[in-house]
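Some notes on the structure that comes next.
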Amino acid sequence: MKYSVRKLYKEYSDLDQKQITLFGWVRNNRAQKEFGFINLNDGTFFETIQVVYESEFLNNFKDVQKFRVGSAIKVEGILLCTPDRKQPFEIKARYVELIGDSQEDYPIQPKRHTREFLRENAHLRPRTNLFSAVFRVRSVLTHAVHTFFQERDFVNLAAPLITASDAEGAGETFKVTTLDLDKPSRTEEGEVDYNKDFFQKKTNLTVSGQLEAEAWAMAFRDVYTFGPTFRAENSNTTTHASEFWMIEPEIAFADLKDDMQLAEDMVKYIIKYVMDRCPEEMAFFNKFVQKGLLDKLNSVVSSAFEIKTHKEAIEILLESNQKFENLPKHGEDLATEHEKFLVKHFDGPVFITDWPKDIKAFYMRLNDDNETVAAMDLLVPGSGELIGGSQREERLDLLEKRMDEMNVPKEDLWWYLDLRKYGGCKHAGFGLGFDRMLMYLTGVENIRDVIPFPRTPRNCEF
RNA sequence: GCCUAAUUAGCUCAGUUGGUUAGAGCACAUGACUGUUAAUCAUGGGGUCCUAGGUUCGAGUCCUAGAUUGGGCGCCA
């Protein structure tokens, strides 16, 4: 019978002495004179299976001895439980066939490689322990997100990836056009004539699905988007990519407190979901990537997140007697060094709320003090700002005033203003950086190592 | 974008004050080995020392410029 490695690890105790057929790739081959050992992995499970092959049972023994790392093979043999050995069971081969040879220059060896080298071999790196674990967890984490929201009756919407609004101040955009870049159509004044472009207007890849999600929230109450977003900023850091995934829930009849509760519930839920389903992978991260990872995650799941206002945070920084490159100041943004100090100070995730209005987006709801907005950032160790969210300004007059002050063109966002005219209500939402969440979960320190084929400035290989 | 460091065999690295034919481990090839598990042991092949200039009798080593990569910062999720 044909088995997967995962299935064998689940059922091996019932299969002692049974005939098994397996397909997979050679992770390691240790040949001796009359016998040898192959570690076989088929991608379904983190662990490998040890295949024992002996000359007396194989007519191609000499060939099998030379099967190189990376080769695809078929194995038929007898499963043998081996409670006294390093592995709980192994396969005594009766037939081993080479399906796909791996050439002599196969770059992935049974040894440690640097992350940089493996990034350059992004097509081969999922075959290594680390990346196999990272990307299985990524897959499970995707499911965790959907399960969390679906269990709470949230409606998912696919926000458009091509939009005409870049008015959100969320950063530089990638232009989308079918105009001939060498000779674009021009107006009589010599300007590029976007009337001749595909959509008859300037368009770009989305930087956020939030505005569309707000429209859906005004119809379905609780909604979420989960998809890719694009930023053309020349950011060269371990936490930025040009193409990344965001989760953006939006909830109606809700305020900032409800928003933070949702964020906290979600973070705890998806951490627990992954820890329950990927114990081998999480144990590997805990041992080889970040010591103490499991303790950290367990304490996040079981304790309440800190909540501090921006004002309180600045005061903590000022009173810390810490030497900062950038002096903390009321009314100003937090620098990375400030964020790092705060998460260390609280030894875990911390919400910073009620930010000065001038450093935040136009759609955030103005507080009664007229100085701050009902915004929140969730800071976590290692991944920086994991979540950014706010209660939205639902009062039409205040929203329009803010748009004027910040030079946001109202005519482009007529439909967004409509949402305040027809049954508007208190509502809130946030954006969670999915890739950063994965960094936090795995302890991997570079966002390029949690995205299958990462896109960053000057890098679009694969 | 700014600052900083690095670039030597397929991979990870060493290379003294500028001086003979640039080394090691792993990988690969050949062989040895009756339970290995990043197996071990022996032998062998493998180099545009990132690129282009320059200094020098002589450059992997010093100088200039560029490329790429890592880290830090900025912008943000």
Side-chain angles (χ1 to χ4, degrees), chain A residues 27-40 47-56 62 65-66 68-70 80 82 84-87 90 92 102-121 124 128-129 168-172 207-210 228-248 263 288 324-326 333-340 359-361 377-380 383-389 430-440 445-449 451 456-459 461:
Chain A
R27 278 285 179 86
N28 201 350
N29 184 4
R30 298 177 297 277
Q32 296 182 55
K33 193 179 185 182
E34 302 294 337
F35 56 87
F37 305 92
I38 286 175
N39 288 124
L40 190 76
E47 304 288 346
T48 59
I49 286 182
Q50 173 152 286
V51 175
V52 186
Y53 58 93
E54 294 146 293
S55 62
E56 58 177 307
K62 286 271 173 223
Q65 280 183 308
K66 297 199 185 314
R68 278 180 293 263
V69 174
L80 193 69
T82 51
D84 299 330
R85 293 245 167 83
K86 235 178 159 177
Q87 49 281 323
E90 56 191 25
K92 293 274 197 185
S102 177
Q103 296 184 15
E104 286 171 26
D105 56 357
Y106 182 56
I108 309 295
Q109 300 158 22
K111 64 168 241 177
R112 254 189 106 255
H113 293 287
T114 57
R115 307 274 169 89
E116 292 79 24
F117 173 72
L118 291 168
R119 259 171 233 156
E120 289 169 9
N121 291 281
L124 301 175
T128 64
N129 278 335
E168 296 148 47
E172 286 295 307
V207 293
S208 164
Q210 179 200 317
T229 43
F230 307 88
R231 305 272 168 97
E233 254 140 53
N234 189 12
S235 291
N236 298 288
T237 78
T238 53
T239 50
H240 290 82
S242 310
E243 177 180 326
F244 63 99
W245 281 58
M246 272 210 294
I247 300 148
E248 295 182 289
F288 293 111
F324 292 112
E325 292 283 319
N326 308 281
D333 210 350
L334 297 180
T336 303
E337 56 177 334
H338 303 148
E339 293 179 358
K340 283 179 178 169
I359 59 171
K360 287 292 183 184
D377 281 6
L378 181 69
L379 308 179
V380 300
S383 307
E385 187 190 331
L386 182 64
I387 288 176
F430 64 82
L432 179 143
F434 180 72
D435 316 275
R436 287 186 182 176
M437 184 69 220
L438 189 57
M439 292 168 70
Y440 188 60
E445 289 174 320
N446 195 313
I447 200 166
R448 296 169 180 88
D449 296 330
I451 298 176
T456 51
R458 297 179 302 280
N459 176 27
E461 194 65 44

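As the structure is a computational prediction, the values presented were derived from the model and not from experiment. Residue numbers start from 1 in every chain, and the chains themselves are labelled A, B, ... in the order their sequence lines are given, proteins ahead of strands.
In this structure, A/Q32 atom CD and B/U40 atom P are separated by 11 Å, rounded to whole Å. A straight line from CD of A/E385 to P of B/G74 spans 13 Å, rounded to a whole angstrom. Between the CZ atom of A/R436 and the C1' atom of B/C76 there is a distance of 6 Å, given to the nearest Å. Rounded to whole angstrom, the span from the CG atom of A/N29 across to the C1' atom of B/U36 amounts to 11 Å. Atoms CG (A/L334) and P (B/C75) sit 11 Å apart, rounded to a whole Å. Atom CG in A/D435 sits about 13 Å away from atom C1' in B/C76, given to the nearest Å. Between the P atom of B/G74 and the NE2 atom of A/H240 lies a distance of 10 Å, rounded to the nearest Å. Taking atom CD of A/E172 as the reference point, atom C1' of B/C75 lies 10 Å away to the nearest angstrom.
Judged by distance alone, with hydrogens and angles left aside, A/E325 brings no side-chain donor or acceptor close enough to the base of B/G74 to form a pair under 3.5 Å. Looking at A/T336, its side chain has no donor and acceptor atom pair within 3.5 Å of the base of B/C73.
For A/R112, there are no salt bridge (charged side-chain N to carboxylate O under 4.0 Å, His left out) partners two or more places apart in sequence or in a different chain. Taking the side-chain hydrogen bond (donor to acceptor under 3.5 Å, both in side chains) definition, one finds that A/R115 meets it with nothing, sequence neighbours left out. For A/Q87, there are no side-chain hydrogen bond (donor to acceptor under 3.5 Å, both in side chains) partners, not counting sequence neighbours. Evaluation of the ring pair (Phe, Tyr, Trp, His ring centres under 6.0 Å) rule for A/F324 yields A/H338, A/F341 as partners, not counting sequence neighbours. Under the rule for a salt bridge (charged side-chain N to carboxylate O under 4.0 Å, His left out), the partners of A/E90 that lie at least two apart in sequence or sit in another chain are A/R85. Remark: A/F230 engages no residue in a ring pair (Phe, Tyr, Trp, His ring centres under 6.0 Å) (not counting sequence neighbours). By the side-chain hydrogen bond (donor to acceptor under 3.5 Å, both in side chains) test, A/S55 is found to be paired with A/E34, residues two or more places apart in sequence or in another chain being considered. By the side-chain hydrogen bond (donor to acceptor under 3.5 Å, both in side chains) test, A/D449 pairs with A/R119, A/R125, sequence neighbours left out.
We find the CD1-CD distance between A/I38 and A/Q50 to be 10.0 Å, quoted to the nearest 0.5 Å. A distance of 10.0 Å separates CD in A/E248 from CG in A/L432, rounded to the nearest 0.5 Å. Rounded to the nearest 0.5 Å, atoms NE2 (A/H240) and CZ (A/R448) are 11.0 Å apart.
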Canonical and wobble pairing (Watson-Crick, G-U, under 3.5 Å) of RNA chain B, dot-bracket with | = (((((((..((((.....[...)))).(((((.......))))).....(((((..]....))))))))))))....
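If you check every strand for non-hydrogen atoms under 4.0 Å, A/F37 touches a base. At the heavy-atom level, A/A241 lies under 4.0 Å from base atoms of the strands shown. Contact annotation for A/I387: backbone-only contact, meaning every heavy-atom pair under 4.0 Å involves sugar-phosphate atoms and none involves a base. Counting any heavy atom pair closer than 4.0 Å across all strands shown, A/Q50 reaches a base atom. Using a 4.0 Å heavy-atom distance criterion, A/L432 is classed as making no nucleic acid contact. Nucleic acid contact for A/E90: base, since at least one base atom lies under 4.0 Å from a heavy atom of the residue. A/T229 comes within contact range of no nucleotide atom at all, as no heavy-atom separation falls under 4.0 Å.
Distance check on atom P: B/G70 versus B/G31 gives 42 Å, rounded to whole Å. For the P atoms, the distance from B/A67 to B/A9 is 22 Å, rounded to whole Å. Comparing the C1' positions of B/U64 and B/A27 gives a spacing of 38 Å, expressed to the nearest Å. Atom name C1', nucleotides B/G19 and B/G10: the rounded distance is 31 Å, in whole Å. Distance noted for atom C1' between B/G60 and B/C33: 41 Å (whole Å). Comparing B/A32 with B/A24, their C1' atoms are spaced 23 Å from each other, to the whole Å. Comparing the P positions of B/G46 and B/A38 gives a spacing of 31 Å, expressed to the nearest Å. Using atom C1' as the reference point in both B/U16 and B/C62, the two lie 16 Å apart (nearest Å).
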query = When every nucleotide of nucleotides 26-31 of chain B is labelled 5' to 3' by its protein contacts under 4.0 Å (heavy atoms), B for base, S for sugar-phosphate only, - for none, what sequence of letters results?
reply = BSSSSS
Where do N or O atoms of nucleotides 43-51 of chain B meet protein N or O atoms at under 3.5 Å, pair by pair?
none

Please write out each protein N/O paired with an N/O of nucleotides 68-72 of chain B under 3.5 Å, distance rounded to 0.1 Å.
unit_1 : atom_1 : unit_2 : atom_2 : d
B/G70  : OP1    : A/R119 : NH1    : 2.8
B/G71  : OP1    : A/N446 : ND2    : 3.1

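Looking only at distances, a side-chain donor or acceptor of A/D435 sits under 3.5 Å from a matching main-chain atom of A/W245. Judged purely by atom type and a 3.5 angstrom limit, A/R68 uses its side chain to pair as donor or acceptor with the backbone of A/S102. A donor-acceptor distance shorter than 3.5 angstrom exists from the side chain of A/R231 to the backbone of A/V207, with no hydrogens or angles considered. Panel note: side chain A/S242, backbone A/A232; no donor-acceptor pair is recorded below 3.5 Å. Between the side chain of A/E337 and the backbone N or O of A/N326, at least one donor-acceptor pair lies under 3.5 Å.
Closest approach to the A/K86 side chain among B/G74, B/A38, B/G1 is made by B/A38 (side chain taken as heavy atoms from C-beta onward). Closest to the side chain of A/D333, from the set B/C76, B/C11, B/U36, is B/C76.
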request  = Give the C-alpha distance, both sets of side-chain angles, the deciding distance and a yes or no for side-chain contact (heavy atoms from CB on, under 4.5 Å) between A/F35 and A/E56.
outcome  = CA-CA 9 Å; A/F35 56 87; A/E56 58 177 307; over 6 Å; no
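Distances shown here put every side-chain N or O of A/K33 at or beyond 4.0 Å from the OP1 or OP2 atom of B/U40. Listed pair A/S235 / B/C75 fails the phosphate criterion, with no side-chain N or O lying under 4.0 Å from OP1 or OP2.
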